[in-house]
Protein chains: 2
Amino acid sequence: MDERKLKGVEAVLEEGSFSAAAERLHCTQSAVTQMMNAVESELGVRILERTHRGVSLTREGRELEVYMQNALDSLVFLREAAERIAKRNEETIRVGTFSSIAFRWMPVIIERYQEVAPEAAFDIVIGTTSLKRKLELGEIDVALGDERIRSVRWTRLFEDPYYILVPEKLIDRIGTPEKQRMMHEMMEQRKAAGVWTPVPDLFVTKADIAEVPFISATMDDFAELNVRDVSNVITIASDEDKVLMSMAARGLGVCAMPEFNLTEMPADLIAVPYRPEVGRVIGISRPRKSRRAVEQFVTYLEKYYREMEMRQREESVIQEES
Amino acid sequence: MDERKLKGVEAVLEEGSFSAAAERLHCTQSAVTQMMNAVESELGVRILERTHRGVSLTREGRELEVYMQNALDSLVFLREAAERIAKRNEETIRVGTFSSIAFRWMPVIIERYQEVAPEAAFDIVIGTTSLKRKLELGEIDVALGDERIRSVRWTRLFEDPYYILVPEKLIDRIGTPEKQRMMHEMMEQRKAAGVWTPVPDLFVTKADIAEVPFISATMDDFAELNVRDVSNVITIASDEDKVLMSMAARGLGVCAMPEFNLTEMPADLIAVPYRPEVGRVIGISRPRKSRRAVEQFVTYLEKYYREMEMRQREESVIQEES
DNA sequence: ACGTTTTACGAAACTCGTAAAGATA
DNA sequence: TATCTTTACGAGTTTCGTAAAACGT
């Protein structure tokens with residue numbers, strides 16, 4: 001006995017005839033006859049009294065009516081609950097990303113995206129190198145991070161330039177006296193205003209920081225590519241950049257950090273751009289084929305960052321002109 | 001979603017594996033796999049987490065578990081209720097019979113039969129000539145009455161001899177003075193003792209009652225066959241023999257009544273055997289094929305009345321010998 | 001290698017539409 | 001006759017068993 005048959009009985013009783021029920025059920029009247037015969041055969045009881053002027057319940061049918069109604073209701077409840085869950089799953093985007101992105105970026109992204117797609121829900125999975133495998137196993141819908149997690153389909157979002165984080169104690173051991181002056185000035189400003197404003201023409205190079213210890217996290221691709229040959233490297237077994245920052249703030253050394261991660265930089269550190277400019281590329285990896293909700297989310301992010309980059313370019317043009 | 005599938009899910013969860021569930025469900029493990037796939041496909045949600053060491057519910061499965069349990073329960077309730085009703089119907093014997101038999105005989109029969117088959121239930125349908133049609137339409141299982149309702153299969157039970165019911169007022173206009181004396185004597189006894197005991201050698205013939213009015217019901221086969229040519233017939237449009245008896249008791253005439261119907265005869269009437277002996281044959285009509293319960297009932301009645309007739313025959317032999 | 005699940009495939013059963021037949025006012 | 005239900009039949013679908021393959025320890 002399934003929902004279809006019970007709905008059939010319900011339709012027959014409410015319409016009062018097989019032909020009217022057939023119309024309601026969008027099938028032939030013959031199918032209704034056969035369905036009702038099947039129901040009675042399955043129950044082993046004749047429940048319908050067929051007359052020329054309509055169909056009514058037999059005594060046995062009346063006795064079973066409440067049981068049939070209950071069964072129909074519970075089957076509908078089950079189906080509707082499953083539909084809700086399926087819809088929810090359909091609209092839940094499982095995002096795999098680094099912990100820093102998860103904490104600093106995802107809340108903003110989700111808040112913004114809710115305005116566009118209010119029904120969207122997110123599952124955030126934290127990971128580093130495991131994300132690529134999870135993506136391929138279908139455990140997450142998209143991976144959000146740098147090129148290390150690049151997989152089948154890659155959508156570039158923006159480039160995140162690296163900065164060197166310098167504690168006050170080490171300023172005088174970095175770069176030229178002119179640079180040291182500008183860094184001290186920047187540090188004064190930071191301590192006074194709490195904010196951190198970039199200074200034009202201030203940057204550091206590999207040579208500038210060669211004399212101070214470099215604090216590097218394991219799996220840090222900036223260190224891999226840019227300072228692997230410096231002598232004085234302190235390697236910290238942590239992916240958590242706050243750990244690196246507090247190490248640097250204590251004056252143990254300098255560290256590199258993408259601009260993106262600077263929002264919670266301690267007040268006793270300044271961030272100086274690194275030259276030649278190098279940045280990690282932030283983008284989205286996803287399988288060749290994704291659900292509608294996932295595609296929509298990726299498209300939104302792509303558009304959002306394209307527009308942001310254009311705004312920044314316009315601003316820099318204006319700055320250069322002034 | 002039907003009971004089979006929900007039972008399958010239940011078995012899988014309780015056994016913790018597809019193969020163990022297959023064993024419990026008496027089917028192949030392949031069938032279980034396919035059934036579970038069908039369930040998940042129908043729900044649109046993956047509810048089972050299959051691992052090498054067993055099967056468990058996914059988060060979605062846990063959310064749906066209570067709905068599935070409810071649906072399964074309500075389907076089981078429906079099926080069991082239907083089974084109870086089917087069994088009850090299977091053991092309900094629909095007996096069609098005359099009102100007099102229904103009131104006088106059926107209660108005794110049912111009471112006796114319950115001792116043999118306690119599960120037996122009866123539906124009594126009152127009718128006269130309509131019983132034959134009802135039997136042929138399957139509305140009743142057996143018809144119990146005289147030969148007028150004889151149909152496909154007829155089982156004779158016993159012969160019910162006719163008596164002539166005589167009120168005190170008319171005794172002196174019936175038969176010979178000797179018979180009149182015996183009738184007066186019988187009437188005294190009846191008035192005194194309340195009971196009515198037969199008197200040997202007392203009977204009446206057609207000629208004996210020719211001088212008094214004969215009260216006949218419509219459809220009365222005794223009247224049809226035996227006194228249709230007497231001049232003074234009062235026809236009463238009633239099948240209810242109590243009506244006839246009270247008419248006779250008031251002295252309007254005599255009437256004929258099968259012995260079987262005499263149990264509630266008014267105290268101011270006596271019943272005198274009619275000669276030549278004539279009686280209606282009481283038996284059972286039923287279709288060529290009946291349910292087990294019906295056959296059992298008919299067999300019981302047949303046996304019961306065969307034994308009763310044998311007892312009566314033995315008694316009459318003893319009486320003759322004494 | 002072993003135990004478990006999945007897949008391919010074919011036979012049997014089920015479902016339903018078409019069309020004809022039955023039944024009833 | 002007109003309307004409603006039942007029945008016969010055939011095409012499409014579902015179900016399930018056999019057997020082989022895939023998968024994880």
Side-chain angles (χ1 to χ4, degrees), chain A residues 1-58 60-61 72 75 79 130 133-134 136-139, chain B residues 1-58 60-61 72 75 79 130 133-134 136-139:
Chain A
M1 194 62 52
D2 57 7
E3 187 182 334
R4 191 181 47 87
K5 283 180 180 157
L6 292 168
K7 271 240 165 66
V9 173
E10 189 184 55
V12 165
L13 293 179
E14 285 178 11
E15 299 292 338
S17 96
F18 283 17
S19 9
E23 202 164 329
R24 189 212 278 198
L25 298 170
H26 306 296
C27 69
T28 63
Q29 176 274 333
S30 165
V32 176
T33 291
Q34 295 177 70
M35 199 191 298
M36 294 305 102
N37 288 344
V39 167
E40 289 181 329
S41 156
E42 185 174 343
L43 292 177
V45 173
R46 188 166 185 84
I47 58 169
L48 296 175
E49 193 68 51
R50 296 118 162 121
T51 72
H52 49 282
R53 71 163 124 276
V55 179
S56 57
L57 282 172
T58 61
E60 291 81 7
L72 177 55
L75 286 175
R79 181 173 50 73
S130 64
R133 193 174 45 82
K134 283 189 160 61
E136 281 153 8
L137 286 173
E139 290 180 19
Chain B
M1 193 62 50
D2 57 7
E3 187 182 335
R4 191 180 48 86
K5 284 179 178 158
L6 292 168
K7 271 240 165 64
V9 173
E10 189 184 55
V12 164
L13 293 179
E14 286 178 10
E15 299 291 338
S17 97
F18 283 17
S19 10
E23 202 165 330
R24 190 212 277 199
L25 297 171
H26 306 296
C27 68
T28 64
Q29 176 273 334
S30 166
V32 176
T33 291
Q34 296 177 69
M35 200 192 297
M36 293 305 103
N37 288 344
V39 167
E40 289 181 328
S41 154
E42 185 173 343
L43 293 177
V45 173
R46 189 166 184 83
I47 57 169
L48 296 175
E49 193 68 52
R50 298 127 164 109
T51 72
H52 44 283
R53 72 164 121 278
V55 179
S56 58
L57 280 172
T58 62
E60 291 81 6
L72 176 55
L75 285 174
R79 182 174 49 73
S130 63
R133 192 174 45 83
K134 282 188 162 52
E136 280 151 10
L137 287 174
E139 290 179 22

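All heavy atoms count here, side chains included; hydrogens, waters and symmetry mates do not. Letters A, B, ... mirror the listed sequences (proteins, then strands); counts begin at 1. Predicted model only: the values in this text are computed from it and were never measured.
Residue contacts for A:S17: at a heavy-atom cut-off of 4.0 Å it reaches the sugar-phosphate backbone alone, with no base atom in range. Residue A:V32 is classed as having no contact, given no heavy-atom separation below 4.0 Å to the nucleic acid.
Between the side chain of A:N37 and the main chain of A:E40, no donor-acceptor pair closer than 3.5 Å is present. In this structure a side-chain-to-backbone donor-acceptor pair under 3.5 Å is missing from A:Q29 to A:F18. Side-chain N or O atoms of A:E49 include none that pairs as donor or acceptor with a backbone N or O of A:S56 at under 3.5 Å. Side chain of A:R50 to main chain of A:L48: a donor-acceptor pair is present (N/O by atom type, distance under 3.5 Å, no hydrogens or angles).
In the 5' to 3' direction, nucleotides of DNA chain D lying under 4.0 Å from heavy atoms of chain A begin and end at D:dC4 to D:dA8.
Here the CZ atom belonging to A:R79 is positioned 9.5 Å from the CD atom belonging to B:E42, to the nearest 0.5 angstrom.
Note on A:R53: every side-chain N or O is 4.0 Å or more away from OP1 and OP2 of C:dA25. Under 4.0 angstrom from either OP1 or OP2 of C:dT15 there lies at least one side-chain N or O belonging to A:R4. Distances shorter than 4.0 Å separate some side-chain N or O of B:S19 from OP1 or OP2 on C:dT5.
Regarding A:M1, its CE atom lies at a distance of 13 Å from the P atom of C:dC14, rounded to whole Å. Summarising the geometry, the separation between CE on B:M36 and P on C:dT4 is reported as 17 Å, rounded to the nearest angstrom. With rounding to whole Å, A:Q29 atom CD is found 13 Å from C:dA23 atom C1'.
Along DNA chain C, the nucleotide nearest B:H52 and the nucleotide nearest B:Q34 are compared for position; the residue whose nucleotide lies closer to the 5' end is B:H52.
Under a cut-off of 6.0 angstrom, the local environment of CD in B:E23 is sparse, with at most 12 non-hydrogen atoms contributed by other residues, nucleotides or ligands.
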